[in-house]
Amino acid sequence: MTKPGSTDLKGLETGLIDGRDDVNDQTAYFGDTACDHLASILEADRPLRIFAVLDQQAYANSGAKDLLEQYFSGNTTTRFMDFEPNPKLDDVRKGIELYRQAEPELVVAVGGGTSIDMAKLIRALAGTVDPEAVIRGKSPIVASRSRFIAIPTTAGTGSEATQFAVVYIDGEKFSLDHASLRPAIAIVDPRLMNTLPAAVTAATGLDAFCQAIESIWAVGATDESVRYAQTAAALALAHLPQATNAPNSLSREAMSRASYLAGKAINISRTTASHALSYPLTSRYGIPHGIAVSLTLAPMLAYNAAVTDEDCVDVRGADHVQARIRLILDILGATSVLGGCARIQSLLAEIGCPTSLQEAGIASADELRDVIEAVNTQRLSNNPRKATSVSLFELLSPASIQNRPQKQTAAAL
Ligand SMILES: [Zn+2]
């Protein structure tokens, strides 16, 4: 176990050897030469037709174009770049049209979570007559045979390591979740993150941090997912302020690994209440995803730490959840729940982000009620302590926040 705050990458049990990670059905390449591996992959596979899903802006600004264009410049590559942030079904349909014409053997996605999710959706839905029915869970996914490489240009969503993709239909959020969506190869090259603006580094990095913390207490967590999540959370906590405020190659590389490892963790465990609460904050109030998730992380830590056998959702019992909470406090370098919550909030302040819902503009009880009512309660079933609209409102309302220090002291471990 690494000391909290350690900046030594090599001292962390990342499970990565020589910049390469082979687990189950995925290979990942890391470090400042990771993109160069595309040459040998193409040499070995010799695909006749490539389908490239590119975030046009990120492709040019991240330096990906300089590194990768040589592989796409032949007339065997079909490019799809015509889509908005946060995948919409209408954009997916446009991509499917092009994909069917191209009949690619290889799909390469370059960009943030949107591009990678878009490529997942196109591959997964191109073989069906009714994509919307698949998204709504009414028809099965027909697994695509094309090979799939993801090359992230942000460090946070972990989409390069997961088998799910988010898609919106008329503003309603859906998630596809199927083993065939997971990229066979992830190329995680921190050079592509060098030009990320501070605000994007902060928001996406927070997503990785929150995914890691939520993954540790998730009902779906296993010993394997907790190992990935512990490393991811420790890396993000130690390196996100530097990556945001004065980025250097060490902090960029650390965040790219944190993102990938948090993705691997939630691919097993799935996310919990803070993610469930974040979706209406993003869709209704335009709060960037990573920030939206982080706003309820400290309150949920306090809430979950007070779990009892009566309200424990995890069949392993309240003692098990308490042990996982202690693991989180360890990573945070805290000796009490109150200290852990304060550490999360100091991280948010250090990177210039709001530290509470109220600071982010969700100031009135009505606005909070609106957000909580929009939460899909099914998603809360992965939270270790039973959470209802009533308990969440009580936890997150401005009045309860003023009283929280006393409550937390009572719940302190
Ligand atoms: Zn997320």
Side-chain angles (χ1 to χ4, degrees), residues 85-87 109 111-118 120-121 150 152-168 173-177 181-183 186 188 193 196 199-218 220-221 225 228-229 232-233 235-237 240 255-301 328 344 347-348 351 353-354 357 360 371 374-376 378-380 382-383:
N86 302 317
T114 293
S115 307
I116 297 173
D117 279 11
M118 184 55 86
K120 288 177 179 177
L121 292 160
T153 57
T154 62
T157 70
S159 182
E160 68 275 12
T162 70
Q163 64 175 54
F164 17 91
V166 168
V167 58
Y168 289 84
K173 176 189 172 286
F174 294 85
S175 189
L176 274 195
D177 185 339
L181 267 69
R182 198 172 190 214
V188 184
M193 296 145 201
L196 279 182
V200 179
T201 301
T204 50
L206 277 180
D207 192 19
F209 177 69
C210 295
Q211 287 178 169
I213 297 288
E214 282 185 64
S215 183
I216 294 173
W217 68 41
S225 71
Y228 302 142
L235 279 171
L237 186 71
L240 183 54
M255 286 312 300
S256 72
R257 290 189 184 221
S259 165
Y260 168 74
L261 289 168
K264 273 175 63 142
I266 61 162
N267 196 52
I268 295 169
S269 71
R270 305 300 188 267
T271 55
T272 67
S274 289
H275 261 74
L277 284 158
S278 79
Y279 298 117
L281 291 171
T282 298
S283 61
R284 294 178 182 214
Y285 294 91
I287 301 173
H289 173 68
I291 293 174
V293 179
S294 73
L295 294 170
T296 60
L297 193 71
M300 287 314 304
L301 172 61
I328 292 170
I344 290 172
L347 172 69
L348 304 185
I351 58 174
C353 291
L357 283 168
V371 168
V375 169
N376 178 340
Q378 177 71 40
R379 287 182 190 283
L380 296 177
N382 199 35
N383 197 67

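Heavy-atom basis, side chains included; hydrogens, waters and symmetry copies ignored. Indexing begins at 1, ligand by ligand and atom by atom, following the structure's order.
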(message) Using the rule side-chain contact (heavy atoms from CB on, under 4.5 Å), only one of Ser159, Ser115, Pro87 pairs with Lys120; which is it?
(response) Ser159
(message) Can a donor-acceptor pair be found, under 3.5 Å and without considering hydrogens, that links the side chain of Ser175 to the backbone of Val166?
(response) no
(request) Could you grab the protein N, O or S atoms closer than 2.8 Å to the Zn ion (ligand 1) for me? (result) Asp207 OD1, Gln211 OE1, His275 NE2, His289 NE2
(message) Any heavy-atom pair between the side chains of Gln163 and Asp177 that's under 4.5 Å?
(response) yes
(request) Using side-chain contact (heavy atoms from CB on, under 4.5 Å) as the criterion, point out the one residue from Thr271, Thr154, Thr157, Ile291 that pairs with Asp207. (result) Thr157
(request) Output every pair passing salt bridge (charged side-chain N to carboxylate O under 4.0 Å, His left out) with a member in residues 152-166, not counting sequence neighbours, ordered by first then second residue. (result) none
(request) Answer yes if the side chains of Thr272 and Glu214 hold a donor-acceptor pair under 3.5 Å, and no otherwise. (result) yes
